Amino acid sequence: MTLTVEVPTELSARVPAEQRGPGLGRDAVRLLVSRGTEVSHHAFRELPGLLRAGDLLVVNTSATVAAAVDGRVGHARVVVHFSTRGDDGRWAVELREPSGDGSTRARAGGPAGTEVRLAGGARLVLEEPLSARGERLWWARVSGAGVPGLLRERGRPIRYAYTDRDQPLSAYQTVFALPSGDGTGSAEMPSAARPFTARLVTELVSRGVWFAPIALDTGVASAEAHEPPYPERFSVPEASARLVNAVRAGGGRVVAVGTTAVRAVESAAGPDGVVRARAGWTDLVVTPERGVRVVDGLLTGLHEPQASHLLMLAAVAGRAAVERGYAAAVRGRYLWHEFGDVHLLLPAEDLTESIA
């Protein structure tokens, strides 16, 4: 699915919301709301009034890791983006070139056997492409250091060219992030949850909104590539599965916070629409043809018009709702990417309901 809208480059969010002016917090972003094809404009702090008692927010607790590490291939400088750890100890990685402005640009992958000397003395060897779809991501083996320790000591957050400068890792953590026991996590921030603050979560809970934590470690999704998502590691705990089922049975709405939350909870849903505790790998690609089984709504960032994530949005809300919402976002000068504004897609039947 490709949208016909064009997003001007000046609509890229270049710094986090809290750095745009004195006294601003993470929640100082705008919220575009789509109910079917009807669109309204809000501040993110208005979210509690847009949800109902009995609604459920599914949130991703995966912490962001400092996944970018400097290295050299021969005499050439490269930046390695560590994406996902495989069950055999290898890592899926993307090799990129420094762009001279503190960011990186795409680089041809491979070939097999390419050796990368990493900061700190470790070595990485590319072994095979991650999939037959292309050679951007490769399975690689690292020697001379454990990767989680290497990322803690030598890594920095992945940064793309539309941002102004490097940010500390704390800028890429959400209020829901929980560190893993083995030091792994998400290569890129589950950014839909970034505007949430502890105060806003407290207000939502006080209004009767439930939260169901899941975990999905996001891999690298470079700015130039719009492939379908690769397999990712996820976990839906028993308590969260039961809560989703209970909310659905009670007539509440299940609203996923981010496309990662959709992928995780839909991967745990059977054909009967019942969510069961699951953990492991998911290769699920949510499309309009596949549809969704348990998710009623979605809170997400604004994606590029060519992004594969838009198929998931269309599966949740319909293509017409996505097209109408994105046209309104461009007209309204909303900001894109991980530090930008957010979009709440709710069922069309909510049009008759008043906003609290």
Side-chain angles (χ1 to χ4, degrees), residues 16 26 58-70 79-94 96 104 118-120 122 124 130 137-140 142 145-160 163 166-196 211-223 229-237 240 256-265 267-268 278-284 300-301 309 337-339:
R26 285 177 171 232
V58 181
V59 296
N60 189 356
T61 62
S62 179
T64 310
V65 298
V69 178
D70 291 325
V79 177
V80 180
H81 287 178
F82 284 85
S83 181
T84 307
R85 185 176 68 179
D87 292 335
D88 59 0
R90 297 187 298 175
W91 282 77
V93 302
E94 179 187 20
R96 295 177 65 86
T104 60
L118 299 172
L124 176 150
L130 189 64
L137 291 175
W138 283 69
W139 285 115
V142 177
V147 173
L150 175 69
L151 300 185
R152 285 194 301 271
E153 296 172 12
R154 303 286 181 171
R156 60 185 179 276
I158 289 175
R159 174 195 159 199
Y160 292 119
T163 57
D166 287 343
Q167 298 288 342
L169 184 59
S170 59
Y172 292 89
Q173 305 294 8
T174 74
V175 71
F176 305 110
L178 297 173
S180 67
D182 60 5
T184 59
S186 288
E188 297 184 5
M189 174 176 53
S191 56
R194 192 183 190 279
F196 283 87
F211 286 82
I214 57 86
L216 185 140
D217 292 340
T218 66
V220 168
S222 79
Y230 289 91
E232 294 168 314
R233 197 184 300 274
F234 82 107
S235 173
V236 176
S240 293
V257 179
T259 57
T260 60
V262 176
R263 194 181 201 197
V265 75
S267 295
R278 282 195 61 193
W281 292 86
T282 177
D283 59 1
L284 175 65
T300 182
H309 287 311
H337 302 304
E338 65 264 35
F339 297 137

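In what follows, residues are counted from 1 in the order of the sequence shown. Please read these numbers as outputs of a predicted model, since none were measured by experiment.
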Mutual orientation of the aromatic rings belonging to Phe196 and Phe211 [parallel < 30°, tilted 30-60°, perpendicular > 60°]: perpendicular
For Val93, the option from Val220, Leu130, Leu124 that meets side-chain contact (heavy atoms from CB on, under 4.5 Å): Leu124
Pairing residues for Asp166 by the side chain to side chain donor-acceptor pair (under 3.5 Å) criterion, not counting sequence neighbours: Arg159
Test side chain to side chain donor-acceptor pair (under 3.5 Å) applied to Asn60 and Ser62, step by step: CA-CA 6 Å; Asn60 189 356; Ser62 179; 4.7 Å; no
Any residue meeting side chain to side chain donor-acceptor pair (under 3.5 Å) with Gln173, in chain and number order, not counting sequence neighbours: none
Mind listing the side-chain donor-acceptor pairs of residues 150-158 below 3.5 Å, one per line with the distance, residues two or more places apart or on another chain?
from	atom 1	to	atom 2	distance (Å)
Arg156	NH1	Asp70	OD1	3.3
Arg156	NH1	Asp70	OD2	3.2
Arg156	NH2	Asp70	OD1	2.8

Reported OH-to-OG1 distance for the pair Tyr230 and Thr84, which is rounded to 0.5 angstrom: 10.5 Å
His81 and Tyr160 aromatic ring geometry - parallel, tilted or perpendicular at 30°/60° bounds: perpendicular
For Thr61, side chain to side chain donor-acceptor pair (under 3.5 Å) partners two or more places apart: none
Those residues that, when tested against Glu232, pass salt bridge (Lys or Arg N to Asp or Glu O under 4.0 Å) (two or more places apart): Arg263
Residues in ring-ring contact (aromatic ring centres under 6.0 Å, His included) contact with Trp91, at least two apart in sequence or another chain: Phe82
Chi angles and distances behind the side chain to side chain donor-acceptor pair (under 3.5 Å) call for Asp87, Trp281: CA-CA 10 Å; Asp87 292 335; Trp281 292 86; 3.1 Å; yes
